Peer 1: 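Pasting a structure here, questions to come.
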Amino acid sequence: MMKAFSFDTQPFEAMLLSPARAYAALSIDYTEKLLGAQLESAKTYVDTSLAQARVLLDVRDADGLRSYVEGQQQFAKDVTERLKGDAEKVVSLHQDFFKQSQKLAESSLKQAQQASSGQAAKA
(Lines give C-alpha, C1' and ligand atoms only; values in the text may rest on other atoms or scores of the structure.)
Protein backbone atom coordinates (compact mmCIF):
# COMPACT_ATOMS: atom_id res chain seq x y z
CA MET A 1 0.00 0.00 0.00
CA MET A 2 1.03 3.55 -0.55
CA LYS A 3 1.67 5.79 2.38
CA ALA A 4 -0.03 9.15 2.43
CA PHE A 5 2.35 11.95 1.69
CA SER A 6 2.25 14.65 4.32
CA PHE A 7 3.74 18.05 3.73
CA ASP A 8 3.85 20.65 6.47
CA THR A 9 3.02 23.98 4.87
CA GLN A 10 3.36 26.01 8.05
CA PRO A 11 7.03 26.97 7.50
CA PHE A 12 6.29 27.90 3.89
CA GLU A 13 3.32 29.96 5.08
CA ALA A 14 5.39 31.67 7.79
CA MET A 15 8.41 32.40 5.61
CA LEU A 16 6.79 33.39 2.34
CA LEU A 17 3.03 33.63 2.06
CA SER A 18 2.19 35.48 5.27
CA PRO A 19 4.78 38.25 4.71
CA ALA A 20 3.74 38.56 1.06
CA ARG A 21 0.09 38.99 2.06
CA ALA A 22 0.98 41.53 4.74
CA TYR A 23 3.11 43.51 2.29
CA ALA A 24 0.37 43.40 -0.35
CA ALA A 25 -2.17 44.71 2.19
CA LEU A 26 0.24 47.47 3.22
CA SER A 27 0.82 48.41 -0.42
CA ILE A 28 -2.91 48.55 -1.16
CA ASP A 29 -3.52 50.77 1.89
CA TYR A 30 -0.68 53.07 0.84
CA THR A 31 -1.96 53.25 -2.74
CA GLU A 32 -5.46 54.07 -1.51
CA LYS A 33 -4.16 56.90 0.70
CA LEU A 34 -1.90 58.28 -2.03
CA LEU A 35 -4.62 58.22 -4.69
CA GLY A 36 -7.07 59.81 -2.25
CA ALA A 37 -4.62 62.63 -1.57
CA GLN A 38 -3.99 63.12 -5.28
CA LEU A 39 -7.70 63.19 -6.12
CA GLU A 40 -8.38 65.65 -3.32
CA SER A 41 -5.58 67.89 -4.56
CA ALA A 42 -6.73 67.69 -8.16
CA LYS A 43 -10.29 68.60 -7.19
CA THR A 44 -9.06 71.55 -5.16
CA TYR A 45 -6.89 72.84 -8.04
CA VAL A 46 -9.71 72.43 -10.57
CA ASP A 47 -12.21 74.19 -8.30
CA THR A 48 -9.78 77.03 -7.66
CA SER A 49 -8.96 77.42 -11.35
CA LEU A 50 -12.61 77.44 -12.34
CA ALA A 51 -13.33 80.06 -9.69
CA GLN A 52 -10.52 82.21 -11.10
CA ALA A 53 -11.94 81.81 -14.61
CA ARG A 54 -15.35 82.92 -13.37
CA VAL A 55 -13.81 85.97 -11.70
CA LEU A 56 -12.06 86.83 -14.96
CA LEU A 57 -15.37 86.64 -16.81
CA ASP A 58 -16.75 89.28 -14.46
CA VAL A 59 -14.07 91.83 -15.43
CA ARG A 60 -15.90 94.69 -17.13
CA ASP A 61 -13.59 97.69 -16.79
CA ALA A 62 -10.09 98.82 -15.83
CA ASP A 63 -10.88 98.74 -12.11
CA GLY A 64 -12.17 95.20 -12.42
CA LEU A 65 -9.02 94.18 -14.30
CA ARG A 66 -6.81 95.80 -11.68
CA SER A 67 -8.72 94.02 -8.93
CA TYR A 68 -8.39 90.73 -10.80
CA VAL A 69 -4.63 91.15 -11.28
CA GLU A 70 -4.19 91.99 -7.59
CA GLY A 71 -6.22 88.91 -6.72
CA GLN A 72 -3.90 86.81 -8.88
CA GLN A 73 -1.05 87.51 -6.46
CA GLN A 74 -3.09 86.07 -3.60
CA PHE A 75 -4.17 83.21 -5.85
CA ALA A 76 -0.53 82.40 -6.65
CA LYS A 77 0.36 82.54 -2.95
CA ASP A 78 -2.54 80.24 -2.04
CA VAL A 79 -1.67 77.74 -4.76
CA THR A 80 1.98 77.74 -3.68
CA GLU A 81 0.97 77.04 -0.07
CA ARG A 82 -1.37 74.29 -1.23
CA LEU A 83 1.38 72.71 -3.34
CA LYS A 84 3.72 72.81 -0.36
CA GLY A 85 1.10 71.18 1.87
CA ASP A 86 0.35 68.51 -0.72
CA ALA A 87 4.05 67.72 -1.13
CA GLU A 88 4.44 67.42 2.63
CA LYS A 89 1.46 65.08 2.78
CA VAL A 90 2.91 62.83 0.07
CA VAL A 91 6.33 62.80 1.76
CA SER A 92 4.65 61.85 5.03
CA LEU A 93 2.78 59.01 3.30
CA HIS A 94 6.03 57.76 1.75
CA GLN A 95 7.87 57.89 5.07
CA ASP A 96 5.06 56.07 6.87
CA PHE A 97 4.96 53.38 4.16
CA PHE A 98 8.74 52.96 4.35
CA LYS A 99 8.68 52.62 8.17
CA GLN A 100 5.84 50.11 8.08
CA SER A 101 7.56 48.14 5.31
CA GLN A 102 10.75 48.06 7.33
CA LYS A 103 8.91 46.82 10.44
CA LEU A 104 7.15 44.20 8.34
CA ALA A 105 10.45 43.00 6.88
CA GLU A 106 12.04 42.75 10.34
CA SER A 107 9.02 40.88 11.70
CA SER A 108 9.01 38.52 8.72
CA LEU A 109 12.70 37.82 9.17
CA LYS A 110 12.18 36.97 12.84
CA GLN A 111 9.29 34.66 11.99
CA ALA A 112 11.31 32.95 9.27
CA GLN A 113 14.22 32.45 11.66
CA GLN A 114 11.90 31.00 14.30
CA ALA A 115 10.25 28.73 11.76
CA SER A 116 13.57 27.48 10.42
CA SER A 117 14.99 26.91 13.90
CA GLY A 118 11.78 25.07 14.81
CA GLN A 119 12.17 22.86 11.75
CA ALA A 120 15.82 22.21 12.62
CA ALA A 121 14.82 21.19 16.13
CA LYS A 122 12.24 18.74 14.74
CA ALA A 123 14.82 17.16 12.45
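The shown structure was predicted, so the numbers you read here are calculated from the model rather than taken from an experiment.
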Peer 1: Please round to the nearest 0.5 Å and tell me the distance separating atom CG of L109 and atom CG of L104.
Peer 2: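 That separation rounds to 11.0 Å.
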Peer 1: Q100 versus D96: any side-chain heavy-atom pair under 4.5 Å?
Peer 2: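 Contact flag for Q100/D96 side chains = yes.
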Peer 1: Which value, rounded to the nearest 0.5 Å, describes the distance between D78 atom CG and Q72 atom CD?
Peer 2: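 Going from the CG atom of D78 to the CD atom of Q72 covers 10.5 Å.
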Peer 1: Is there a side-chain contact between V69 and R66, using heavy atoms and a 4.5 Å cut-off?
Peer 2: no
Peer 1: Does T44 offer a backbone N or O that forms a donor-acceptor pair with the side chain of T48 under 3.5 Å?
Peer 2: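 Pair found, side chain donor or acceptor close to backbone of T44.
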Peer 1: With heavy-atom distances below 4.5 Å as the criterion, would you say the side chains of F97 and H94 are in contact?
Peer 2: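 Heavy-atom side-chain distance check fails, nothing below 4.5 Å.
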Peer 1: Using a strict cut-off of less than 4.0 Å between a Lys/Arg side-chain nitrogen and an Asp/Glu carboxylate oxygen, indicate whether K43 and D47 qualify as a salt bridge.
Peer 2: yes
Peer 1: Rounded at 0.5 Å granularity, tell me how far CG in L34 sits from CG in L39.
Peer 2: 9.5 Å
Peer 1: Within this structure, what is the CG-CZ distance for the pair L56 and R54, rounded to the nearest 0.5 Å?
Peer 2: 12.5 Å
Peer 1: Can Y45 and L83 be said to form a side chain to side chain contact (heavy atoms under 4.5 Å, CB included), step by step?
Peer 2: CA-CA 10 Å; Y45 296 131; L83 284 169; 3.2 Å; yes
Peer 1: According to a hydrophobic-cluster definition based on side-chain heavy atoms being under 4.5 Å apart (Ile, Leu, Val, Met, Phe, Trp, Tyr only), do L93 and Y23 belong together?
Peer 2: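 L93 and Y23: one cluster.
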Peer 1: Are there more than 12 heavy atoms of other residues, nucleotides or ligands under 6.0 Å from atom CD of E70?
Peer 2: yes
Peer 1: Is there a path from V55 to L65 through hydrophobic residues (I, L, V, M, F, W, Y) whose side chains come within less than 4.5 Å of each other?
Peer 2: yes
Peer 1: Do NZ/NE/NH1/NH2 and the carboxylate oxygens of R82 and D86 come within less than 4.0 Å?
Peer 2: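 D86 and R82: salt-bridged.
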